[in-house]
Engineer: 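Please find one structure pasted underneath; my questions will follow.
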Amino acid sequence: MATAVETKAIMRSADAVCFDVDSTVIKEEGIDELAKFCGVGDAVAEMTRNAMGGTISFKKALTERLAIIQPSQDQVNRLINDQPPCLTEGMMDLVDRLQQRNVQVFLISGGFHSIVEHIAARINIPLNNVYANKLKFHLNGDYAGFDETQPTAESGGKGRVIGLLKKERGFKKVVMIGDGATDLEACPPADAFIGFGGNIIRHQIKEKAKWFVTSFQEITAELEQ
């Protein structure tokens with residue numbers, strides 16, 4: 001993994017920047033908010049902490065949490081409308097600066113596409129730059145599982161998405177920014193990783209990231225160098 005100086009240089013010259021969503025782009029963990037909305041918040045929050053710390057496989061944690069939540073299509077829609085996610089301070093400005101530099105911005109999330117696409121629209125990221133898990137519903141709207149073929153449903157999935165982006169879209173320098181274990185493990189194939197602790201500091205990430213920030217303003221300032 002690149003040193004701090006190298007990471008900053010790669011960030012300044014990147015042609016694509018990929019963001020994790022939960023506890024990075026937004027202040028919350030989306031699946032925890034969905035669990036609270038569905039009345040099973042406490043049971044799911046501990047499992048999320050384990051998943052983000054890398055102590056159990058991501059797919060196992062996702063499967064078990066969704067089995068507890070059993071979210072209906074109506075509940076997901078009401079969550080988005082009644083309790084929209086809170087953007088992390090400085091996120092909109094950073095995306096604007098990157099796009100002004102003709103850098104492609106992506107959201108790569110272990111969360112749910114229906115929620116992440118709502119966030120993408122708010123920060124002017126095109127939907128074809130969104131990679132996330134897809135919930136499935138029966139015709140009556142009841143929960144019917146999730147699409148297990150999505151790369152983001154697996155540990156290592158974010159790295160696979162970045163590998164595909166480099167192969168299919170020809171990006172030369174890709175940066176991954178996030179707060180969790182699934183973000184850290186995406187580098188490589190990402191050329192650099194920036195650990196983000198603006199909403200929650202995960203000590204494993206702080207120790208292993210060559211460049212660890214607690215605000216997006218630190219990254220925006222680096223772009224001005």
Side-chain angles (χ1 to χ4, degrees), residues 16 18-26 28-38 40-41 43-45 47-48 50-52 54-81 83-85 104-123 125-169 174 176 178-186 189-190:
C18 302
F19 289 89
D20 171 49
V21 175
D22 295 327
S23 295
T24 299
V25 172
I26 62 173
E28 310 92 342
E29 285 288 328
I31 194 166
D32 289 351
E33 295 306 303
L34 181 59
K36 283 190 280 186
F37 194 80
C38 296
V40 290
V44 169
M47 298 172 75
T48 297
N50 290 337
M52 292 303 98
T55 55
I56 59 175
S57 79
F58 184 81
K59 185 180 236 179
K60 184 173 188 292
L62 182 61
T63 302
E64 290 179 353
R65 286 179 292 175
L66 283 171
I68 294 171
I69 302 169
Q70 295 276 318
S72 69
Q73 193 166 25
D74 178 65
Q75 286 173 317
V76 173
N77 290 337
R78 283 194 290 121
L79 173 67
I80 294 168
N81 290 327
Q83 299 176 22
Q104 285 284 319
V105 180
F106 294 85
L107 301 182
I108 306 179
S109 174
F112 307 122
H113 206 282
S114 52
I115 297 174
V116 176
E117 67 184 20
H118 171 80
I119 297 162
R122 288 169 61 189
I123 56 178
I125 293 175
L127 290 186
N128 63 351
N129 284 16
V130 172
Y131 294 84
N133 290 313
K134 295 181 179 178
L135 294 170
K136 296 193 291 188
F137 302 100
H138 294 293
L139 288 175
N140 66 357
D142 287 348
Y143 175 68
F146 65 96
D147 183 354
E148 297 188 25
T149 67
Q150 295 294 316
T152 48
E154 303 261 11
S155 296
K158 292 180 181 179
R160 281 193 288 280
V161 171
I162 290 172
L164 282 171
L165 291 176
K166 294 179 94 170
K167 180 180 178 181
E168 295 177 358
R169 302 208 197 182
V174 180
M176 181 73 207
D179 68 287
T182 60
D183 309 311
L184 176 67
E185 69 184 9

Engineer: Should D32 and D22 count as side-chain neighbours, where that means a heavy-atom distance under 4.5 Å?
Structural biologist: no
Engineer: Who passes side chain to side chain contact (heavy atoms under 4.5 Å, CB included) against I68, sequence neighbours left out?
Structural biologist: V40, A43, V44, M47
Engineer: Check whether any side-chain heavy atom of T63 lies under 4.5 Å from a side-chain heavy atom of F146, and answer yes or no.
Structural biologist: yes
Engineer: Using side chain to side chain donor-acceptor pair (under 3.5 Å) as the criterion, list what pairs up with Q70, not counting sequence neighbours.
Structural biologist: none
Engineer: Looking at every non-hydrogen atom in both residues, tell me the closest pair between S109 and V21 and how far apart they are.
Structural biologist: CB-CG2, 3.7 Å
Engineer: Go through the structure and list residues passing side chain to side chain donor-acceptor pair (under 3.5 Å) with D147, not counting sequence neighbours.
Structural biologist: T149, Q150
Engineer: Got a sec, which pairs hit salt bridge (Lys or Arg N to Asp or Glu O under 4.0 Å) with one end in residues 132-144, sequence neighbours left out?
Structural biologist: none
Engineer: Listed by chain and number, what are the ring-ring contact (aromatic ring centres under 6.0 Å, His included) partners of F106, not counting sequence neighbours?
Structural biologist: F171
Engineer: Who pairs with D20 by salt bridge (charged side-chain N to carboxylate O under 4.0 Å, His left out), at least two apart in sequence or on another chain?
Structural biologist: K158
Engineer: Holding to side chain to side chain contact (heavy atoms under 4.5 Å, CB included), I want the full list of residues that pass it with K166, two or more places apart in sequence or in another chain.
Structural biologist: I162, V174, D191
Engineer: Applying side chain to side chain contact (heavy atoms under 4.5 Å, CB included), name anything that partners P85, two or more places apart in sequence or on another chain.
Structural biologist: I26, E28, I115, H118, I119, R122
Engineer: Could you check if a side-chain atom of L34 sits within less than 4.5 angstrom of a side-chain atom of R65, using non-hydrogen atoms only?
Structural biologist: no
Engineer: Using the test salt bridge (charged side-chain N to carboxylate O under 4.0 Å, His left out), find all partners of R78 that sit at least two apart in sequence or belong to another chain.
Structural biologist: D74
Engineer: Report the residues that fulfil side chain to side chain donor-acceptor pair (under 3.5 Å) with E185, sequence neighbours left out, ordered by chain and then residue number.
Structural biologist: none
Engineer: Could you pull out the closest heavy-atom pair between R160 and P151, with the gap in Å?
Structural biologist: NH2-O, 4.0 Å
Engineer: Quick check: closest heavy atoms across G110 and N133, and the distance to 0.1 Å?
Structural biologist: O-ND2, 2.8 Å
Engineer: Search all heavy atoms of G159 against all heavy atoms of A186 and return the closest pair with its distance.
Structural biologist: N-CB, 3.8 Å
Engineer: Considering all heavy atoms of both residues, which atom of M176 and which atom of I108 are nearest to each other, and what is their separation?
Structural biologist: CE-O, 4.5 Å
Engineer: Answer yes or no: is there a donor N or O on one side and an acceptor on the other, between the side chain of R169 and the main chain of L165, under 3.5 Å?
Structural biologist: no
Engineer: With sequence neighbours left out, what residues match Q75 under side chain to side chain donor-acceptor pair (under 3.5 Å)?
Structural biologist: S72
Engineer: Identify, with sequence neighbours excluded, every residue that meets salt bridge (charged side-chain N to carboxylate O under 4.0 Å, His left out) alongside K59.
Structural biologist: E148, E154
Engineer: Can you give me the closest heavy-atom contact between P71 and V76, atom names plus distance?
Structural biologist: CB-CG2, 4.1 Å
